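First comes the structure, then the notes that go with it.
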Amino acid sequence: MTSVQPVRGTQSLLGEEADRLAAIATAFDRVRRIFGFKRVEVPTIEQTSVFARTIGETTDVVSKEMYSFEDRGGESITLRPEFTAGICRAYLSEGWQQYAPLKLAAHGSAFRYERPQKGRFREFRQLDAEIIGAAEPQADVELLGLGYQLLRELGIADGVTLELNTLGDPETRDNWRRALVDYFQAHRGELSDDSNSRLERNPLRILDSKDHRDKAVCENAPTVDDYLTAEAADFFRAVTAGVDAAGVPWKRNPRLVRGLDYYRHTAFEFVTDRLGAQGTVIAGGRYDGLVEALGGPHTPAVGWAAGVERLAMMIEAPAPEAPSVAVVPLGERAEAEAQKIVAGLRREGIATDMAYRGNLKKRLSRANAAGAAYALIIGDDELDRGEAQLKDLASGEQRSVSLDLLSEAIKQ
RNA sequence: GCGAUCGUAGCUCAGCUGGUUAGAGCAUCGGUUUGUGGUACCGAGGGUCGGGGGUUCAAGUCCCCUCGAUCGCCCCA
């Protein structure tokens, strides 16, 4: 066993595994352009208060999962546990308000001190999409359409279901929450221990508990629909009508809630049963109160985040990268000449490798293992004639090609 | 933070109820006459059996602790 170990919950990926993550980011970038979302880059670190004020002091994310430290200047800094708060901070501190409404897309690593398991890591990657400064239900619809098209581009839309719910406006939410607390108080004895503690911190979360006792109690719990104000009901109707019109399949899940405090109105998750316990692949909702929590003006906003590793587990393996040609020089003179040839081919845009170790047998073997389409064998005899042997590694056919016509021979 | 399972060469694993120098496949390196791979054959290197302690005449194999991994709970993307 080696003495150096990776930090728990981090990943070091090679080849296909790394290609999978890249494929997700590439697809997201393509779709985000089609939908007119601007790319944003935001810092990996923020002042701790940015997350503490927005996500909610009592949430597990803030109270026990953040990577926070004091920097050398004595400031409390936190590695971002998600993107939304940092983007909203930038929206305020960078003067992005002048561009509102803003459609933004970002992706990168986020950090949470959690117990690693399938599809869950301490350093994990997210795609993030936000629309800031738009109170219209059309914004929610556009965002859901973005998520759906991403899944389609990735070829996994069939295995994923959009679950949609509303948490209502603040009035709705408060009334519903109060009714839920009353109801669960009355059934305290039937709830699991976890849910009893949730009753103090985050009663809405009891609704999506996995415990069978909790599920039984939730069967008859009050639903949001009973407390929706007329405005909140209209808003949700407009969202579902828009999603239907956009051709995005969905289903209502009246027990779907959000873990973070800042959500209002629309809440949604794209979920799959193919990934075990971590089945949520994209999740988000409307967070009209967040910018205010950071000290800004009242600013309506919607957004979602997607788990890159989870998406990466679901997609087909991307085609492996292989050179078009592997140059195989024989002898010192040929090796020097080969550098010129390799450089020339690469300038032409042809993916080129050079096999420079071992005898011819080894070099060809390496060329083959690398997946090269052709091997270009260059020995003294060939050089004297201004030629090289171009070998098709799939068919085994080999022919002489003039060094002046190499790229043409390889491209065809 | 809680629970279950697991931890043997670079990788995937075998090692039966504890018993002489710990094995295989793949990978790596070398060779099968010195310029032809993908398909053969021969050979080599590589492991203090995660770490520490204990039981025993004897432990990879049993017990305890610890670290790590996996899957689930919690939380959440």
Side-chain angles (χ1 to χ4, degrees), chain A residues 1-3 5-9 11 14 24 55-56 58-66 80-84 107 109-129 147 192-195 197-198 201-202 205-206 208-211 214 257-260 268-272 275-285 303-313 326 328-331 334 355 357-382 388-398:
Chain A
M1 290 296 116
T2 54
S3 54
Q5 290 193 340
V7 172
R8 186 165 201 199
Q11 311 176 86
L14 172 69
I24 304 299
I55 295 174
T58 63
T59 59
D60 279 12
V61 172
V62 170
S63 64
K64 46 192 187 195
E65 294 179 358
M66 292 204 305
R80 63 182 173 210
E82 51 116 44
F83 278 76
T84 307
H107 72 97
S109 287
F111 305 82
R112 269 147 39 183
Y113 189 83
E114 295 188 283
R115 193 80 180 260
Q117 59 190 63
K118 188 173 187 177
R120 195 173 84 178
F121 305 91
R122 289 186 172 178
E123 178 179 6
F124 57 100
R125 292 156 185 82
Q126 287 193 330
L127 309 176
D128 188 89
S192 65
D193 292 347
D194 277 331
S195 283
S197 72
R198 274 189 278 238
R201 307 187 332 270
N202 198 350
R205 275 266 143 185
I206 296 174
D208 61 6
S209 168
K210 288 172 186 170
D211 189 287
D214 296 337
V257 295
R258 303 278 65 215
L260 309 184
F268 57 86
E269 290 185 10
F270 287 88
V271 297
T272 179
L275 294 179
Q278 311 299 323
T280 300
V281 118
I282 301 178
W304 56 242
V308 174
E309 288 85 358
R310 295 181 190 178
L311 292 170
M313 284 190 278
V328 179
L330 294 167
R357 178 182 297 176
N359 55 25
L360 176 60
K361 197 180 173 94
K362 281 293 166 202
R363 295 182 188 212
L364 278 176
S365 173
R366 282 182 179 282
N368 191 62
Y374 295 100
L376 188 71
I377 302 162
I378 305 167
D380 291 348
D381 301 348
E382 285 83 2
Q389 295 292 324
L390 184 65
K391 178 171 184 128
D392 183 324
L393 287 174
S395 67
E397 285 168 28
Q398 183 170 322

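Residue numbers start from 1 in every chain, and the chains themselves are labelled A, B, ... in the order their sequence lines are given, proteins ahead of strands. Computed over heavy atoms, backbone and side chain alike; hydrogens, waters and symmetry mates excluded. What you are looking at is a predicted structure, and each value in this text was computed from that prediction instead of being measured.
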Closest listed nucleotide, where the reference is the side chain of A:Ile377 and the choices are B:rC74, B:rC76, B:rG35: B:rG35
P-based separation of B:rA27 from B:rU39 [nearest Å]: 9 Å
Counting only Watson-Crick or G-U wobble pairs whose two distances fall under 3.5 Å, which nucleotide matches B:rU36? none
Among the candidates B:rC29, B:rG35, B:rA77, find the nucleotide nearest to the side-chain atoms of A:Arg112. B:rA77
Take atom C1' in B:rU66 and the same atom in B:rC75, then report the distance between them in whole Å. 27 Å
Kindly indicate, with the supporting measurements, whether the criterion side chain to side chain contact (heavy atoms under 4.5 Å, CB included) is fulfilled by A:Leu393 and A:Tyr374. CA-CA 5 Å; A:Leu393 287 174; A:Tyr374 295 100; 5.9 Å; no
Distance test, side-chain N/O of A:Arg363 to OP1/OP2 of B:rG37, below 4.0 Å: no
Would you mind pulling out the nucleotide paired to B:rC41, Watson-Crick or G-U wobble, both distances under 3.5 Å? B:rG31
Closer than 4.0 angstrom, basic N to acidic O: yes or no for A:Arg112 and A:Glu82? no
Nearest-nucleotide pick for A:Lys361, side chain only, options being B:rG1, B:rG30, B:rG37: B:rG37
Answer with base, sugar-phosphate or nothing: what part of the nucleic acid does A:Gly396 contact at a heavy-atom distance below 4.0 Å? base
What is the nucleic acid contact for A:Val308, judged by heavy atoms within less than 4.0 Å: base, sugar-phosphate only, or nothing? nothing
Does B:rU28 have OP1 or OP2 sitting under 4.0 Å from an N or O in the side chain of A:Arg366? no
Return the value, rounded to whole Å, for the distance between atom CD of A:Gln126 and atom P of B:rC76. 13 Å
Counting only side-chain heavy atoms from C-beta out, which of B:rU28, B:rC73, B:rG35 sits nearest to A:Glu382? B:rG35
Could you tell me whether A:Ala367 contacts a base, only the sugar-phosphate backbone, or nothing, with contacts defined as non-hydrogen atoms closer than 4.0 Å? nothing
A:Asp392 CG - B:rU36 C1' separation (whole Å): 14 Å
For residues A:Pro81 and A:Glu65, determine if any side-chain heavy atom of one lies less than 4.5 Å from a side-chain heavy atom of the other. no
Please report the distance, rounded to the nearest Å, between CG in A:Leu360 and P in B:rU33. 15 Å
Could you check A:Leu330 against A:Leu360 for side chain to side chain contact (heavy atoms under 4.5 Å, CB included), going step by step and ending with a plain yes or no? CA-CA 7 Å; A:Leu330 294 167; A:Leu360 176 60; 4.0 Å; yes
Among the nucleotides B:rU70, B:rG37, B:rG31, whichever has the atom closest to the side chain of A:Ser365 is B:rG37
Applying the Watson-Crick and G-U wobble criteria at under 3.5 Å, what pairs with B:rG18? Answer none if nothing qualifies. none
Given RNA chain B, 5'-ward residue of the pair A:Asp381 and A:Ile282, judged by closest heavy atom: A:Asp381
Looking at the base of B:rC75, is there any donor atom on it, or on the side chain of A:Arg120, that sits under 3.5 Å from an acceptor on the other one? yes
Roughly how many Å apart are B:rC71 and B:rU17, using the P atom of each and rounding to a whole number? 28 Å
Determine the Euclidean distance between corresponding C1' atoms of B:rC11 and B:rA69; express it in Å to zero decimal places. 16 Å
Are A:Glu114 and A:Arg122 close enough for a salt bridge, meaning some N to O gap below 4.0 Å? no
Could you tell me whether A:Lys391 contacts a base, only the sugar-phosphate backbone, or nothing, with contacts defined as non-hydrogen atoms closer than 4.0 Å? base
Name the nucleic acid region contacted by A:Gln398, choosing base, sugar-phosphate or nothing; use a 4.0 angstrom heavy-atom cut-off, strictly under. base
Determine the interatomic distance between C1' on B:rA24 and the same-named atom on B:rG37; round to the nearest Å. 27 Å
Students often get this wrong, so: under 4.0 angstrom with heavy atoms, is A:Gly119 touching a base, only sugar-phosphate, or nothing? base
Quickly work out the A:Arg258 CZ to B:rC76 P distance and round it to whole Å. 9 Å
Given side chain to side chain contact (heavy atoms under 4.5 Å, CB included), test A:Leu275 with A:Thr272 step by step and report yes or no. CA-CA 7 Å; A:Leu275 294 179; A:Thr272 179; 3.9 Å; yes
What's the gap between B:rC49 and B:rU8 when it is taken at their P atoms, as a whole Å value? 11 Å
Between A:Ala283 and A:Ala394, whichever has its closest RNA chain B nucleotide further toward 5' is A:Ala394
Checking N1-N3 plus N6-O4 or O6-N4 for Watson-Crick, or N1-O2 and O6-N3 for wobble, each under 3.5 Å, the partner of B:rG68 is B:rC6
Rounded to the nearest Å, what distance is computed from the CD1 atom of residue A:Ile206 to the C1' atom of nucleotide B:rC76? 17 Å
Output the rounded distance in Å from CG (A:Leu330) to C1' (B:rU36). 9 Å
Pair of N/O donor and acceptor under 3.5 Å linking B:rU36 base with A:Gln389 side chain: no
For atom P, what is the distance between B:rU21 and B:rG68, given to the nearest Å? 34 Å
Find the partner of B:rG25: check Watson-Crick (N1-N3 plus N6-O4 or O6-N4) and G-U wobble (N1-O2, O6-N3) distances, both under 3.5 Å, and reply none if neither fits. B:rC11
Donor-acceptor pair present, A:Asn368 side chain and B:rG37 base, under 3.5 Å: yes
What is the distance from CG of A:Asp60 to P of B:rC73, rounded to the nearest Å? 15 Å
Which nucleotide in the set B:rU28, B:rG35, B:rA77 lies at the smallest distance from any side-chain heavy atom of A:Thr280? B:rA77
Rounded at 0.5 Å granularity, tell me how far CD1 in A:Ile282 sits from CG in A:Leu311. 6.0 Å
Specify the separation, in whole Å, of atom CZ of A:Arg115 and atom C1' of B:rG68. 10 Å
Rounded distance in Å between the P positions of B:rU70 and B:rU32: 45 Å
List the steps, then state whether side chain to side chain contact (heavy atoms under 4.5 Å, CB included) holds for A:Ile24 with A:Leu127. CA-CA 9 Å; A:Ile24 304 299; A:Leu127 309 176; 3.8 Å; yes
From B:rC74, B:rU36, B:rG35, nucleotide with atom closest to A:Lys210 side chain: B:rC74
Taken to the nearest 0.5 Å, the spacing of A:Arg198 CZ from A:Ser192 OG works out to 5.5 Å
